[in-house]
Amino acid sequence: MTTSDVARNDWYPVAIDNLLTNGQSEVVVLMQEELTISRGNDGVIKVTAQDGRPCPVAINYGHVWSSIGQPDHALFDIPEAHEDGRRMVDCGPVRVKASPLRVVENFLDIAHFPFVHTDILGAEPHTEVEPYKVEIRDTVDEVWATRVRFFQPQAAKSAEEGQMTDYMYRVPAPCTSILYKTCPPRPGSWDVIALFVRPISEDLCDAYAWMALYDETSKQSDLVQFQQMIFLQDRSILENQIPRLLPLDPKMEVPTRADTTSIAYRRWLKRKGMTYGAQLVAR
Amino acid sequence: MGLQLYDYVLSGSAYKARLFMALLGLDYQSVSIDFHPGGEHKKSDFLQINPAGTLPVLVDGDLTLCDTQAILAYLAHKFDTTNQWYPTNDPVATGRILQWLAFAGRLTDTAGAARLHDMLGRSLDIDAARKGAHKALRELEAHLTEQGFRGHAFLIGSKPTIADIACFPYTALAPDGGIEHDDYPAIRKWLIAIRRLPGFIEMPGIHRLHDMRDEDGG
């Protein structure tokens, strides 16, 4: 398998399912290739490439998924998405002039919270990232970070005061990151927040945030805007990261202990041969 | 019933109203409208409030205002007891302020449009939007440079007015649309002066100034 095949043969989000009405179509770009996503009057969604070839379609987690290649695996599972009582929130695509891999990596980072999401996801002087556990789970071929704890002034829309928040991170596919965090109104359960990223090119992407929450009181638009506020605080930082591509050469950037998840993610990408949006050798 | 703002967190125009109310120390109720991805501002419920389908909208009792610059003028008139933000007793200042409020519309139509294109994938002529934005920013830069020679930190004089509030967001957010601030040193200085104002609030894309430690360690 060549490196480009790993990227080509994966699933990517191409549309929000319930915003595509019958008889409507839209054009998006996936890895420099134009795809037309159309929903027939019978409600069935088809994805067609520029040369007319039909592309695979999967519908899950509020999104339409497709590929410019032939995925040899089903779309990853998010078991929590099927639990009763959760609210599903589509936060919409946001375009970022950055490598899709950098966007995923940023989503896995905690240390920036007090500085970028000040008084929401973090606040000075509570800047310490306590040691946590990171592993590449070979049986499922995923990166996991567990036992992550951080002080947060407003952990979620539903949070009324500052609290220590527990986190888990999961990377089930190179362009997808899922986080699990303490659910303020329901201690003992996890809120699920995912970032599904569609590479447009190696240094441009659309990022779709999606949440499955226990929250019976917040207005849907408030939930969407809370998440958009967080993500857009990251966007201007992401667009200024240099180099634009994610360096997989360990000599390129100096990590600290708080970056353990990022180190595992980069190592995992390299091992998989996922180099779309990455820079292999420092230059 | 107090002030109500139909609001969208990523809207630079809605942020003008939020920022000004914060600077005046006003309480208000924010009603979030799902501009993206839901497109709620173009749906019938919202069009009954504002037929133009634009945000923000300010409601104060029986009054509904749908134009951002009008909202700033109204809030200043009604709540600013210092008469600093919109000194209507001064005809020269009033004329100049109104001119900058109109100029703010040009920033929205150019830098704001480029941002919608680059950030939310809206289709429009991006080259024309960026070109128009740079033209407007060059005019703003020239004016702020002259103000600097006069020792004035803000658009009208030494104190901020609603003209500064109206022009601040889409100038500050211009890099979101691929329009960098590198060539505009006077603008960069002015953006920092506004971010230093007591009561300043941030929005996504406009970060607050982090406290600097005093040199003597105090």
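Everything numeric here is computed off the predicted structure, so don't read it as measured data. Every chain is numbered from 1, with letters handed out A, B, ... down the list of sequences.
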- Item | chain A interface, residue from His207(B), Glu202(B), Met203(B) that has the most non-hydrogen pairs under 4.5 Å | His207(B)
- So which of Leu120(B), Asp118(B), Asp34(B) has the biggest tally of heavy-atom pairs under 4.5 Å with chain A?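 The candidate making the most pairs under 4.5 Å is Asp118(B).
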Give a yes-or-no answer on whether the side chains of [X] and [Y] include a donor-acceptor pair shorter than 3.5 Å.
{"X": "His41(B)", "Y": "Asn50(B)", "value": "no"}
{"X": "Thr127(A)", "Y": "Glu124(A)", "value": "no"}
{"X": "Gln220(A)", "Y": "Arg87(A)", "value": "yes"}
{"X": "Asn22(A)", "Y": "Asn41(A)", "value": "no"}
{"X": "Asp60(B)", "Y": "Tyr74(B)", "value": "yes"}

Side chain, backbone, both or neither of [X] within contact of chain B (heavy atoms, under 4.5 Å):
{"X": "Val224(A)", "result": "side chain"}
{"X": "Ile230(A)", "result": "neither"}
{"X": "Val116(A)", "result": "both"}

- Heavy-atom proximity to chain A below 4.5 Å, by part of Ile206(B): neither
- Item | Heavy-atom contact with chain A under 4.5 Å, split by part of His36(B) | both
- Item | Best-contacting candidate, Lys97(A), His117(A), Gln233(A), Arg235(A), against chain B by heavy atom pairs under 4.5 angstrom |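 So the answer, after comparing Lys97(A), His117(A), Gln233(A), Arg235(A), is Arg235(A).
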- Of Trp65(A), Trp11(A), Tyr12(A), which is the lone residue that meets ring pair (Phe, Tyr, Trp, His ring centres under 6.0 Å) with Phe196(A)? Trp65(A)
